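Here's the structure we're looking at; comments come further down.
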Amino acid sequence: MAGIESNDDIISRGVGCFMDLSERHPDKKVLIVSHGALIGLSLKKLIPHFDTSEHLHNTSVTMLNKVELSWDCKLYNCITHLDTERCESN
């Protein structure tokens, strides 16, 4: 379809962004905020050894570590920060 980015193009753009940021900011913590499709497809390519079949929740947190030439997933699709019982209502 004209004007629609293919999954391969999304993956290429997303992985390229992750790689560029990791090279520009080695040993630093970087926050990436984006559409779930870009992050989800990029994660499938970056951490193929990790089960990423669970659909990413809105505002979920995933933590990756770059270890030499590969990536390791420390936390995937975490939404515990959305636990409303932890919030105080005034």
Side-chain angles (χ1 to χ4, degrees):
M1 223 176 171
I4 302 293
E5 190 174 20
S6 72
N7 282 356
D8 287 341
D9 288 342
I10 293 170
I11 291 167
S12 178
R13 185 167 51 93
V15 169
C17 177
F18 277 74
M19 298 301 285
D20 181 55
L21 288 170
S22 71
E23 290 168 5
R24 289 179 25 194
H25 305 284
D27 303 317
K28 300 288 183 186
K29 293 180 181 180
V30 177
L31 173 67
I32 299 173
V33 179
S34 183
H35 293 281
L38 182 129
I39 292 176
L41 290 169
S42 299
L43 290 176
K44 289 180 188 312
K45 184 74 171 180
L46 291 170
I47 52 172
H49 55 281
F50 193 89
D51 180 10
T52 58
S53 60
E54 181 181 2
H55 180 75
L56 289 174
H57 297 286
N58 287 337
T59 73
S60 68
V61 175
T62 296
M63 296 174 67
L64 299 181
N65 289 324
K66 179 127 189 267
V67 183
E68 296 182 14
L69 299 177
S70 64
W71 293 83
D72 183 43
C73 185
K74 190 173 169 182
L75 181 69
Y76 180 75
N77 202 24
C78 179
I79 55 171
T80 59
H81 60 282
L82 299 177
D83 183 0
T84 57
E85 293 193 14
R86 291 179 160 177
C87 298
E88 293 181 38
S89 54
N90 295 322

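Note that the coordinates shown come from a computational prediction; the quantities given were computed from them, not determined experimentally.
Cluster note: V33 groups with L31 through ILVMFWY side-chain heavy atoms spaced under 4.5 Å, whether in direct contact or through intervening members. Cluster partners of I10, using a side-chain heavy-atom cutoff of under 4.5 Å among ILVMFWY residues and allowing indirect links, are I11, V15, F18, M19, L21, V30, I32, L38, I39, L41, L43, L46, I47, F50, L56, L64, W71, Y76.
The side-chain hydrogen bond (donor to acceptor under 3.5 Å, both in side chains) search around H35 returns none, not counting sequence neighbours. The side-chain hydrogen bond (donor to acceptor under 3.5 Å, both in side chains) check on D8 picks up nothing, with sequence neighbours excluded. Residues passing the side-chain hydrogen bond (donor to acceptor under 3.5 Å, both in side chains) test with D20, sequence neighbours excluded: R24.
Distance OG/S42 to CZ/R13: 8.0 Å, rounded to 0.5 Å. A distance of 9.0 Å separates CG in D9 from CG in N7, rounded to the nearest 0.5 Å.
Summarising the local packing, NE2 of H25 is surrounded by more than 12 heavy atoms from other residues, nucleotides or ligands at distances under 6.0 Å.
Residue pairs meeting the side-chain hydrogen bond (donor to acceptor under 3.5 Å, both in side chains) criterion with at least one member in residues 60-69, sequence neighbours excluded, are S60-N77.
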